[in-house]
S.K.: 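One structure follows; several queries about it will come next.
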Amino acid sequence: MRLMHTTLPEFMEKIKSAGIESKNPVDVKIRGLENLTSAKMQSLRTGRIEIAVEDMSLKDGVKNVDVTVIPRIPETMHTVVVRGLDENGNVKSAVLEIINIMHPTEEALLIGCDDIEDRRPAIGKH
């Protein structure tokens, strides 16, 4: 599985490096992953995002690159874990709940942008 997945720290480093190591170096800001402490990303998609960052850095007038990760399907269900901890940080009690979150879609990030290249595959074909 190692070759199929990129760890969260590796992902962050690869995406930032793609901007720094470009022919036109840019600063890359990554948003949307702040609450993750660990995760694994698809290696193929990580590489495609690296290419997209480099391509964006080469466009006329681009000085910085913003990479924002948002859910593809705007309505997502999440489990909420409410934990009661003791003085040593051990879990003493827990309540599980569920919450439906409606996320803003990509249109909220693209207001006023006419140059949009959609490289995403159809839903279910990724």
S.K.: For the residue pair Thr6 and Phe11, what are the closest heavy atoms and their distance?
M.R.: CG2-N, 3.5 Å
S.K.: May I ask you to test the Pro104-Ile70 pair for a side-chain heavy-atom distance under 4.5 Å?
M.R.: no
S.K.: Within the supplied structure, the quantity of interest is the number of heavy atoms (other residues, nucleotides, ligands) at a distance under 6.0 Å from Arg72 CZ; does it exceed 12?
M.R.: yes
S.K.: Keeping Asp86 on the side-chain end and Asn88 on the backbone end, is there a donor-acceptor pair under 3.5 Å?
M.R.: yes
S.K.: Does Leu85 form a side-chain contact (heavy atoms from CB on, under 4.5 Å) with Lys92? I'd like the steps, not just the answer.
M.R.: CA-CA 5 Å; Leu85 310 174; Lys92 299 303 287 181; over 6 Å; no
S.K.: Take atom CG of Asp118 as the centre, draw a 6.0 Å sphere, and report whether it contains more than 12 heavy atoms from other residues, nucleotides or ligands.
M.R.: yes
S.K.: Mind listing the closest non-hydrogen atom pair of Leu8 and Thr37 along with its distance?
M.R.: CD2-C, 4.2 Å
S.K.: Do the non-hydrogen side-chain atoms of Val80 and Ile98 ever get within less than 4.5 Å of each other?
M.R.: no
S.K.: Got a sec, which residues hit salt bridge (charged side-chain N to carboxylate O under 4.0 Å, His left out) with Glu87, two or more places apart in sequence or on another chain?
M.R.: none
S.K.: Between Ile51 and Met56, is there a shared hydrophobic cluster once you connect ILVMFWY residues whose side-chain heavy atoms come closer than 4.5 Å?
M.R.: no
S.K.: Could you grab the distance from atom OG1 of Thr76 to atom CE of Met102, nearest 0.5 Å is fine?
M.R.: 9.0 Å
S.K.: So, Ser57 side chain and Glu54 main chain: donor-acceptor pair closer than 3.5 Å or not?
M.R.: yes
S.K.: With a 4.5 Å cut-off on side-chain heavy atoms, are Ile99 and Met77 touching?
M.R.: no
S.K.: Quick one: do Leu36 and Ile30 end up in the same hydrophobic cluster if we chain Ile, Leu, Val, Met, Phe, Trp and Tyr together by side-chain heavy atoms under 4.5 Å apart?
M.R.: yes
S.K.: In terms of side-chain geometry, is the basic nitrogen of Lys40 or Glu10 positioned less than 4.0 Å from the acidic oxygen of its partner?
M.R.: no
S.K.: When you compare the side chain of Met12 with that of Met41, does any pair of heavy atoms fall below 4.5 Å?
M.R.: no
S.K.: Would you say the side chain of Lys29 lies within less than 4.5 Å of the side chain of Asn64, judging by non-hydrogen atoms?
M.R.: no
S.K.: Under a 4.5 Å side-chain heavy-atom rule over Ile, Leu, Val, Met, Phe, Trp and Tyr, are Ile15 and Val69 clustered together?
M.R.: yes
S.K.: Can you name the nearest heavy-atom pair linking Val28 to Gly19, along with the distance?
M.R.: CG2-CA, 3.7 Å
S.K.: Val65 versus Val67: any side-chain heavy-atom pair under 4.5 Å?
M.R.: yes
S.K.: Got a sec: does the CD1 of Ile73 have more than 12 other heavy atoms crowding it under 6.0 Å?
M.R.: no
S.K.: Report the residues that fulfil salt bridge (charged side-chain N to carboxylate O under 4.0 Å, His left out) with Arg31, sequence neighbours left out, ordered by chain and then residue number.
M.R.: Asp66
S.K.: With distance as the sole test, does Thr46 use its side chain to make a donor-acceptor pair with the main-chain N or O of Gln42 at under 3.5 Å?
M.R.: yes
S.K.: Indicate the atoms forming the closest heavy-atom contact of Asp55 with Arg119, along with that distance.
M.R.: OD2-NH2, 2.9 Å
S.K.: Test side chain to side chain donor-acceptor pair (under 3.5 Å) on His103 and Thr105; report intermediate values, then the result.
M.R.: CA-CA 6 Å; His103 302 269; Thr105 61; over 6 Å; no
S.K.: Drop me the distance from Leu44's CG to His5's NE2, to the nearest 0.5 angstrom.
M.R.: 11.0 Å
S.K.: Going by an N to O cut-off under 4.0 Å, is there a salt bridge joining Asp27 and Lys63?
M.R.: no
S.K.: Do NZ/NE/NH1/NH2 and the carboxylate oxygens of Glu50 and Arg48 come within less than 4.0 Å?
M.R.: no
